[in-house]
Amino acid sequence: MFKRNRHGIQIKSPEQLEKMRAAGLVVGRTLELLRRSVEPGMTPLDLDVIAEKAIRDEGAIPSFKGYQGFPATICASVNDEVVHGIPTAVRKLREGDIISIDCGAILEGWHGDSAVTVPVGEVDPKLTELMRITEEAMWRGIAALKPGRHLSDIGYEIERYVKSQGRFGIPPEYGGHGIGTEMHMDPWIANHGKPGRGPALEEGMCLAIEPMVNLGTERTRVLADDWTVVTVDGKSSAHFEHSVAVTHNGPWVLTALDGGEERLAQLQI
């Protein structure tokens with residue numbers, strides 16, 4: 001059986017972390033391929049086909065396909081779509097769009113989960129800045145994953161950074177999660193809040209850190225498909241995510257190809 005701490009959070013052994021890393025690399029490589037593939041004229045469904053082939057070619061299984069009825073391999077959220085967009089061929093990507101691509105894979109029973117937001121050609125500088133802020137906020141949250149710190153420190157660091165950059169909306173009902181033998185596990189991780197609260201972080205915890213940041217209001221709504229979340233004011237949103245392990249050396253970013261070493265070294269926080 002799998003070890004859990006007194007809060008019910010799954011704790012991985014070093015051997016299990018290596019398996020998590022293998023699953024994470026499948027996701028990381030797939031997202032790099034998708035990032036390079038995005039161009040005007042493609043449809044989100046084109047990207048979904050690329051993603052499914054890439055995952056299955058590595059001997060893995062798409063996590064999302066069939067999950068609670070979700071029909072696709074990736075979530076593809078364009079412009080004002082915050083998360084959980086269903087990839088279709090109904091519309092083509094246009095120059096100036098941004099698309100958030102969320103991807104998950106299962107390898108030998110272990111899950112990896114990561115997301116990026118990608119510009120489609122040249123985009124408005126405000127959108128470039130929105131993507132930069134969201135990605136940086138994610139890394140600030142990741143940097144808090146050290147033994148002895150607390151769960152709420154992650155959301156505190158994310159929110160503190162976003163607020164330092166101007167007026168942006170952080171949808172309060174969406175956040176990160178534990179990950180391991182299931183894609184979504186305890187604990188849920190808010191992208192906001194006060195520090196020093198909740199369970200202490202322990203070696204062997206694996207958490208998916210995923211801020212979503214809106215150019216306007218934090219308020220969102222779900223479309224009639226019961227999946228796609230959009231901003232109520234129609235302004236764009238960005239989403240970045242990595243699956244991360246807590247180790248005695250600090251965070252190990254399982255879905256980053258270099259384990260997160262470069263970006264975490266730059267932060268020095």
Side-chain angles (χ1 to χ4, degrees), residues 4-12 82-83 100 102 113-117 129-180 184-220 229 231 237-256 259-269:
R4 296 178 185 269
N5 70 3
R6 65 187 183 88
H7 299 284
I9 300 169
Q10 193 177 67
I11 304 296
K12 283 76 168 175
V82 181
V83 285
S100 298
D102 196 349
D113 188 8
S114 184
V116 294
T117 302
E129 183 68 356
L130 174 68
M131 291 185 287
R132 184 197 68 77
I133 290 167
T134 308
E135 185 173 17
E136 180 69 13
M138 175 191 66
W139 285 107
R140 299 287 175 127
I142 288 171
L145 269 71
K146 298 174 182 176
R149 293 198 68 175
H150 287 263
L151 191 68
S152 71
D153 293 348
I154 300 166
Y156 169 74
E157 296 294 351
I158 289 170
E159 182 183 36
R160 181 169 69 156
Y161 181 75
V162 172
K163 284 189 171 181
S164 76
Q165 300 301 298
R167 295 176 64 87
F168 297 92
I170 301 175
E173 62 269 56
Y174 300 101
H177 52 89
I179 187 169
H184 293 121
M185 308 181 75
D186 288 337
W188 184 75
I189 305 164
N191 288 319
H192 57 88
K194 296 181 179 180
R197 299 184 177 186
L201 301 178
E202 302 176 36
E203 291 181 41
M205 286 183 177
C206 291
L207 307 173
I209 310 304
E210 53 175 323
M212 304 108 193
V213 180
N214 301 343
L215 197 56
T217 178
E218 67 179 27
R219 294 176 58 215
T220 63
V229 179
T231 59
S237 182
H239 175 206
F240 284 85
E241 176 184 17
H242 271 307
S243 298
V244 188
V246 180
T247 78
H248 69 280
N249 291 321
W252 181 19
V253 186
L254 302 168
T255 45
E261 290 183 6
E262 181 179 354
R263 286 296 291 112
L264 291 170
Q266 290 172 356
L267 282 177
Q268 295 182 342
I269 59 174

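- The two residues Ala256 and Gly260 make their nearest non-hydrogen contact at CB-N, 3.6 Å.
- Considering CD1 of Ile11 and CG of Asn5, their distance stands at 4.5 Å, rounded to 0.5 Å.
- Taken from CD1 in Ile179 to CG in Leu254, the straight-line distance is 8.5 Å, to the nearest 0.5 Å.
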Quick one, Glu136 with Phe240, criterion side chain to side chain contact (heavy atoms under 4.5 Å, CB included). Give me CA distance, side-chain angles, the key distance, then yes/no. CA-CA 9 Å; Glu136 180 69 13; Phe240 284 85; over 6 Å; no

Residues 188-199, side-chain donor-acceptor partners within the protein, below 3.5 Å, at least two apart:
residue	atom	partner	partner atom	Å
Asn191	ND2	Tyr174	O	3.4
Asn191	ND2	Glu210	O	3.2

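- The side chain to side chain donor-acceptor pair (under 3.5 Å) search around Asp186 returns none, not counting sequence neighbours.
- With sequence neighbours left out, the ring-ring contact (aromatic ring centres under 6.0 Å, His included) criterion links His239 to no other residue.
- Counting heavy atoms from C-beta on, the side chains of Asn214 and Phe168 never come closer than 4.5 Å.
- Annotation for Pro211 and Ile158: closest pair CB-CG2, 3.9 Å, computed over non-hydrogen atoms.
- Around atom CZ of Arg4, more than 12 heavy atoms belonging to other residues, nucleotides or ligands sit under 6.0 Å away.
- For the pair His242 and Glu135, the minimum side-chain heavy-atom distance is 4.5 Å or more.
- For Glu159 and Lys163, the salt-bridge test passes: some basic side-chain N is under 4.0 Å from an acidic carboxylate O.
- At least one side-chain heavy atom of Gln165 sits under 4.5 Å from a side-chain heavy atom of Arg132.
- Going from atom CD of Glu241 over to atom OG1 of Thr255 covers 7.5 Å, rounded to the nearest 0.5 Å.
- Between Thr231 and Leu215, every side-chain heavy-atom pair lies at or beyond the 4.5 Å cut-off.
- At least one donor-acceptor pair closer than 3.5 Å links the side chain of Ser237 to the backbone N or O of Val213.
- Among all heavy-atom pairs drawn from Ala144 and Arg149, the shortest one is O-CD, 3.5 Å.
- A distance of 4.5 Å separates NE2 of His177 from CG of Asp113, quoted to the nearest 0.5 Å.
- Scored by the side chain to side chain donor-acceptor pair (under 3.5 Å) test, Gln10 finds Lys12, Thr181 as partners (sequence neighbours excluded).
- Looking only at side-chain heavy atoms (C-beta outward), Trp252 and Leu145 stay at 4.5 Å or farther from each other.
- Rounding to the nearest 0.5 Å places SG of Cys206 at 11.5 Å from CD1 of Ile9.
- Here Thr134 pairs with nothing under the side chain to side chain donor-acceptor pair (under 3.5 Å) rule; sequence neighbours left out.
- Atoms CD1 and OG, from Ile209 and Ser243 in turn, are 9.0 Å apart once rounded to the nearest 0.5 Å.
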Take Leu264 and Val253, measure what side chain to side chain contact (heavy atoms under 4.5 Å, CB included) needs, and give me the verdict at the end. CA-CA 10 Å; Leu264 291 170; Val253 186; 4.2 Å; yes

Given Leu201 and Asp153, is the side chain to side chain contact (heavy atoms under 4.5 Å, CB included) satisfied, shown in steps? CA-CA 10 Å; Leu201 301 178; Asp153 293 348; over 6 Å; no

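- In this structure, Val246 and Pro147 have side chains that are in contact, with non-hydrogen atoms separated by less than 4.5 Å.
- Contacts of Ser152 classified as side chain to side chain donor-acceptor pair (under 3.5 Å), with partners at least two apart in sequence or in another chain: none.
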